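Nothing here was measured: the structure is a model prediction, and the numbers come from that model. As a basis for the values below, the full set of heavy atoms in this structure was taken, side chains included, without hydrogen atoms, waters or symmetry mates.
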Amino acid sequence: MVGDEKLMERAVEIAQKSAMNDGGPFGAVIVKDGEIIGVGRNEVTAANDPTAHAEIQAIRNACQSLKSFQLTGCDIYTSCEPCPMCLSAIYWARPRAVYYAATKTEAAEVGFDDQFIYEQIALPFESRSIKMTQICPDNYDQPFQTWKTSAHKTEY
């Protein structure tokens, strides 16, 4: 079983290696029962994928390891306080806890400022910088109606 500080050191080590190569300066590990079951590093520019943040990559990796879409009983160690996207994914994955090293303020000081996203979320749709418009064809709610009565659904 590895201690909290060692696990955080591992997340920071992953972030450092990523920063030295083709990724952003972020790393994460996911732990269950004292064992690392998921690892991720920021691969946004390396993979041309804006969702390839360290926490997201680690969540994907851990869920594959567990063969589950939830991280029940798991802890996430991340080199930096999660951004709004990662925070949302973390809540959907439902781990037990999140531990982080650097703060979002420290990330902003080196160019990773997520404050504008928090501000955009708080605005009404019509005031956001990216246009968001609802379009409802006649059958727009059919998938929800199908889901509601499906015998094949898995609740989450």
Would you list the pairs meeting ring pair (Phe, Tyr, Trp, His ring centres under 6.0 Å) in which at least one residue belongs to [range], sequence neighbours left out?
{"range": "residues 130-151", "answer": "none"}
{"range": "residues 29-59", "answer": "none"}
{"range": "residues 9-40", "answer": "Phe26-Phe112"}

Ignoring hydrogens and angles, write down the donor-acceptor pairs under 3.5 Å from the side chains of residues 118-130, residues two or more places apart or on other chains.
residue : atom : partner : partner atom : Å
Gln120  : OE1  : Ser129  : N            : 2.7
Gln120  : OE1  : Ser129  : OG           : 3.3
Arg128  : NE   : Gln120  : O            : 3.0
Arg128  : NE   : Leu123  : O            : 3.2
Arg128  : NH2  : Ile121  : O            : 3.1
Arg128  : NH2  : Leu123  : O            : 3.4

Could you tell me the separation between the [atom1] atom of [X] and the [atom2] atom of [Y], rounded to the nearest 0.5 Å?
{"X": "Lys153", "Y": "Thr146", "atom1": "NZ", "atom2": "OG1", "value": "10.5 Å"}
{"X": "Thr78", "Y": "Leu7", "atom1": "OG1", "atom2": "CG", "value": "12.5 Å"}
{"X": "Glu55", "Y": "Gln57", "atom1": "CD", "atom2": "CD", "value": "10.0 Å"}

Pairs in or reaching into residues 87-103: which pass side-chain hydrogen bond (donor to acceptor under 3.5 Å, both in side chains), with residues at least two apart or in two chains?
Asp75-Arg96, Thr103-Glu106
Can you tell me which residue pairs pass the side-chain hydrogen bond (donor to acceptor under 3.5 Å, both in side chains) test with a partner in residues 15-25, sequence neighbours excluded?
Ser18-Arg41, Asp22-Arg41
Transitive ILVMFWY cluster of Ile90, excluding itself - 4.5 Å side-chain cut-off:
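Other cluster members: Ile30, Ile37, Ile59, Leu66, Leu71, Ile76, Val98.
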Which pair of heavy atoms, one from Ile36 and one from Val39, lies closest together, and at what distance?
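Closest heavy-atom pair between Ile36 and Val39: CG2-CG2, 3.7 Å.
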Pro143 and Asn139: which non-hydrogen atoms are nearest, and at how many Å?
CD-O, 3.9 Å
Apply side-chain hydrogen bond (donor to acceptor under 3.5 Å, both in side chains) to [X] and list each qualifying residue two or more places apart in sequence or on a separate chain.
{"X": "Glu81", "value": "none"}
{"X": "Asp113", "value": "none"}
{"X": "Gln70", "value": "none"}

Any donor-acceptor pair under 3.5 Å linking the side chain of Lys32 with the backbone of Thr72?
yes
Kindly state each residue pair satisfying salt bridge (charged side-chain N to carboxylate O under 4.0 Å, His left out) with at least one member in residues 56-72, sequence neighbours excluded.
none
Using the test side chain to side chain contact (heavy atoms under 4.5 Å, CB included), find all partners of Ala15 that sit at least two apart in sequence or belong to another chain.
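Ala15: side chain to side chain contact (heavy atoms under 4.5 Å, CB included) contacts with Ser79.
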Test of understanding: clusters of I, L, V, M, F, W, Y form through side-chain heavy atoms closer than 4.5 Å, transitively. Do Met85 and Leu87 belong to the same one?
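No: no chain of side-chain contacts under 4.5 Å links Met85 to Leu87.
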Within a radius of less than 6.0 Å around CE of Met132, do more than 12 heavy atoms belonging to other residues, nucleotides or ligands occur?
yes
Applying the side-chain contact (heavy atoms from CB on, under 4.5 Å) test to Val29, which of Glu13, Arg10, Glu9 qualifies?
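For Val29, the side-chain contact (heavy atoms from CB on, under 4.5 Å) test succeeds with only one of Glu13, Arg10, Glu9, which is Arg10.
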